[in-house]
> 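Pasting a structure below so you can have a look.
Throughout, protein chains are lettered first and strands after them, A, B, ... in sequence-line order, and every chain is numbered starting at 1.
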There are 2 protein chains.
Amino acid sequence: MPQLRIALAQVNACVGDIAGNSRLVLDQAARAAAAGADVVALPEMVLTGYPVEDLALRQSFAAASRQALDALPGQLVEAGLGELLVVVGYLDADEAGPRNAAAIIHRGKVVDRYFKHHLPNYGVFDEFRYFKAGDDLPIVRYRGVDLGVVICEDIWQDGGPVAAYGDVGVDLLLVLNGSPYERAKDDVRGELVASRAREAGAPIAYVNLVGGQDELVFDGDSMVVDAGGTLVARAPQFVEHLLVVDLDLPGGRPERDDAAPAGFEVRRSTLDVAPERDRTPSAGPTLAEPLSDEAEVWSALVAGLRDYVRKNRFRSVVLGLSGGIDSAVVAALAVDALGPDAVHGVSMPSKYSSEHSKGDAADLARRTGLHFQVQPIGDMVEVFVSQLGLTGLAEENVQARARGVTLMALSNLEGHLVLATGNKTELAVGYSTIYGDAVGGFAPIKDVPKTLVWKLARWRDEQAERRGETPPIPPSSIEKPPSAELRPGQLDTDSLPDYELLDDVLDDYVESDRGFDDMVAAGFDAGLIEDVVRMVDRAEYKRRQYPPGTKISLKAFGRDRRLPITNTWRERQP
Amino acid sequence: MPQLRIALAQVNACVGDIAGNSRLVLDQAARAAAAGADVVALPEMVLTGYPVEDLALRQSFAAASRQALDALPGQLVEAGLGELLVVVGYLDADEAGPRNAAAIIHRGKVVDRYFKHHLPNYGVFDEFRYFKAGDDLPIVRYRGVDLGVVICEDIWQDGGPVAAYGDVGVDLLLVLNGSPYERAKDDVRGELVASRAREAGAPIAYVNLVGGQDELVFDGDSMVVDAGGTLVARAPQFVEHLLVVDLDLPGGRPERDDAAPAGFEVRRSTLDVAPERDRTPSAGPTLAEPLSDEAEVWSALVAGLRDYVRKNRFRSVVLGLSGGIDSAVVAALAVDALGPDAVHGVSMPSKYSSEHSKGDAADLARRTGLHFQVQPIGDMVEVFVSQLGLTGLAEENVQARARGVTLMALSNLEGHLVLATGNKTELAVGYSTIYGDAVGGFAPIKDVPKTLVWKLARWRDEQAERRGETPPIPPSSIEKPPSAELRPGQLDTDSLPDYELLDDVLDDYVESDRGFDDMVAAGFDAGLIEDVVRMVDRAEYKRRQYPPGTKISLKAFGRDRRLPITNTWRERQP
């Protein structure tokens, strides 16, 4: 029975950096060869990064991707890597249009190409807009083994190319992915890959991107399952990793091309190969343990923030520190992502700020070691209030906006990226000031409900204690009742329901798109739901009128609702 | 030869206002019946408004649309309109998913339904995300005449249901549309409708929405062409209109259902009708003259602004008046859209503002009759500059941001919607301050290049003179060299190429998505293109880091580029 050593390169590609991503491919190929691998597979569209959105439609961009792909076979030979079978995702374009493509490279040539069959167009995906679908089933015979290739969504659809490969028969299926992180998605993904392996009657080697890209985070979670669906190897999440696995594969299959269902084009190539090399036995496959829920979310937030800053070529961030839980958690995330020297915290007290707020902000700075300054906003606010005669909400908002102008001025002076500190719950119900605390280029916890913010804070402090380090988040920021401090004695609970209950309702209304009647049937108090639904509808409406400075997704780690700005429909009329 | 009197109801529906839109349908049906019409057709998705974006995926919203549709036949009978054949667009949903649907209603029943076949998913359209496609070809025999129905995109695709109706044979094709305005689109649309009529071998009655919806404006342009493609009637653009036309139609066709191409489901119904009524002859069809380019663009901007304000339930707007051409044109548009009493202009001079700027702002206020106040920003700016030690760009930006905070404070106090006054050219090259002059809930001229801003200003003043009215825009705002006045003696030409040339390059790079080499081949100076491309790329990058307060479309009246925020690819490296 032929044995193949497979390497899966779980890498952090950067959208648009075609030259850098090409170097990444060459580097991973060299590492795979050094580990004695016969095959190395890289993720979906690794050459361009993913997702490229409207760049897919720019001819000069597609041409640049195609050029980089055409150069790869020669570069691999030059580096002494011609014998390695390299499977790599890239952006192609032909007469039909742009293609989400994979190339199979060997001995200085592109042996065959695969164009993704199923183009997802739901949630965060818009691929039907950008790509034309393929219908080919390339099969490459390499060292006696028949290999097939599919891309990401192809395994999420029934009756697709996996089933067709199963009908025709292959010995191993390579799956190239750009599959974004969602909470607990790794469980779903594992079961899916196992069931597709059984459907294909062959092992599946699944390789995924890792790292942050705009509002998405890729968690990796690359894996190999055998033909029976049993997990053989799994890479750790949220870090780059080369997963190397030895597989015994049947090989020597009869060619049953006529077994392919209608609409699929089987195409075969057989590769000349050097005799098998002597190589050291592999160390045995990695089988990474899944992370806890809190560890997984924290890692996703850190990876998303770090890559947003790094890939956009910032070196540092600045944020307002109120002494409250939200800014404390964002500061701790930023320090974990970038180190304390790259994080600048600004306390901006007003006449309504309590002593404990100012103290807690300073305590956070001491605990984390970030740069800290105090800029009172009293004089700024006073000029606006007296010249314009502001009262009530207008006066409350001008405090938040003076802070926004201050952070942007420090950003202009010193080049930091401004972080907005709003959490998902307050953004959902509109407990936030546009052009005020919403100011910022990135909002690290905009997808995190308030109750999860507390849970993450406790978890992060416990982790620190377990390691004998100083817990970054001041206990009093976790324990005290939350307040916006825009007027004397103000508490969040003056305007909002209890956060546990509120997050429960939001989960139903926003995450699950449930209607009013459904939610009442689920046992919620009708009056409470009326209140929450009205707040969310009003906030969504205001956010559409004045789109805030950061993109806001109310779905957990997902796509923002795309709602018409002008929309008089309400789940509950006011 | 049977004669039918057709009424096309070109109406301004409001997204989400299902009750209001139902009343609109009943009202138009009554007006059509009063005009002696046999048939009234209303636009695509008129019951929900269009486009509904993610609302299509909310079950409670689809149920509300379906309920309103189910109630219509009874309401029509109650109003004595049961004999009228009513064809109306709405949102349906069945097991397969949401449908972009049309219902044919007669004598208290929904006689048949049509589900849109072609779902556009380019430019401003995302219908593949929202709807499932249909494959039915309903044919209704009414007063001896065979009627077919299709929806919007169905006529923009070759080999679609129009050709299939042509194969089977119909006497008249009704086309329901939600077709947004683009410059000079009416010419393209007219030719297309004519060619489809020839393909169907039948006259086409084409009815379109009118009015603003978020960033789209529907221009109406409803029309009837005969089977030979000749224009018979045309509604005026940008206003509601009931277009009534008498058509002599052959009728008495043989039923050739087997002539339908594979994949289409022909379905027939024959309607009982009352004997033909006596009615007065119609006045003869309207044949509205096309508008000039300037008149068309001005009307689109006025309609877009008016409906944005009205449908979002604002009563008034506030904007900064600098004395320059951009704010003058936005003020004139606002006054045309809402009347002078609903427009509040604020002059916010700094120490760098020239006397002529302050004078021109006041002159504009006198000419248009809008509310005017002066709020100097010197004291506000001084506090930030001295406390934070601001210089250079940080000092320039704080001036623009003090103005933004002032406008938002007045909005909070008095309830106005803030208008941003930036034009497309300066937004494209990043000549704008985020959270400063970009503040606003709606940016009326964000799709208008600077050279067109001047052209529109001259055109509007000439129109006024021709009618013996005061030209709204001060001539010196049109004639003087443009300046941001954020430092002494500053002129736009210090930082930007000549606007004529700049708009030419932007048209190629942004509108036509041309690459660098293409543009050089088209005869532009390579150095100039390098400069412009670098400015646009940098501005796009900044705008992605700090999304501005208004949505920005760099395409004329089209969809914004959806680009990844993190994207290191540049057409030209810096």
> Less than 4.5 Å to any heavy atom of chain A: does that hold for the side chain of B:Q59, its backbone, both, or neither?
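It is neither, since no heavy atom gets under 4.5 Å.
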> In chain order, what residues pass the side-chain contact (heavy atoms from CB on, under 4.5 Å) check against A:L413, with sequence neighbours excluded?
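In terms of side-chain contact (heavy atoms from CB on, under 4.5 Å), with neighbours along the sequence ignored, A:L413 is linked to B:L390, B:T391, B:A394.
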> Considering only heavy atoms and a distance below 4.5 Å, find which of A:N412, A:N397, A:D518 pairs most often with chain B.
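Highest number of heavy-atom pairs under 4.5 Å: A:N412.
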> Using the side-chain contact (heavy atoms from CB on, under 4.5 Å) criterion, which residues pair with B:E127? Sequence neighbours excluded.
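With neighbours one apart ignored, the set is B:E44, B:Y50, B:N100, B:K116, B:L119, B:P120, B:F131.
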> Whether the side chain of B:S60 engages the backbone of A:G515 through a donor-acceptor N/O pair (distance < 3.5 Å, no angle test) should be reported.
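Between the backbone of A:G515 and the side chain of B:S60 there is no qualifying donor-acceptor contact (under 3.5 Å).
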> Please rank A:D379, A:L388, A:V398 by heavy-atom pairs under 4.5 Å with chain B and give me the top one.
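So the answer, after comparing A:D379, A:L388, A:V398, is A:L388.
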> Relative to chain B, which segment of A:T48 carries a heavy atom at a distance below 4.5 Å: side chain, backbone, both, or neither?
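It is neither, since no heavy atom gets under 4.5 Å.
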> A:Q375 versus chain B, heavy atoms under 4.5 Å apart: side chain, backbone, both or neither?
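Looking at A:Q375, backbone and side chain both touch chain B.
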> Give a yes or no answer on whether the side chain of B:T406 reaches the backbone of B:A402 with a donor-acceptor pair at less than 3.5 Å.
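Looks like yes, one N/O pair under 3.5 Å.
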> Output the option from B:L410, B:N121, B:V383 having the highest count of non-hydrogen pairs under 4.5 Å with chain A.
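With the most close heavy-atom pairs to chain A, the winner is B:N121.
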> Give a yes or no answer on whether the side chain of B:R403 reaches the backbone of B:I377 with a donor-acceptor pair at less than 3.5 Å.
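Judged by distance alone, no pair lies under 3.5 Å.
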> Could you give me the CA-CA distance, side-chain angles and deciding distance for B:Y130 and B:D54, then say whether side chain to side chain donor-acceptor pair (under 3.5 Å) is met?
CA-CA 7 Å; B:Y130 298 121; B:D54 282 14; 2.6 Å; yes
> Based on non-hydrogen pairs under 4.5 Å, which of B:A19, B:G389, B:A56, B:A409 is most in contact with chain A?
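Sorted descending by pairs with chain A, the first entry is B:A409.
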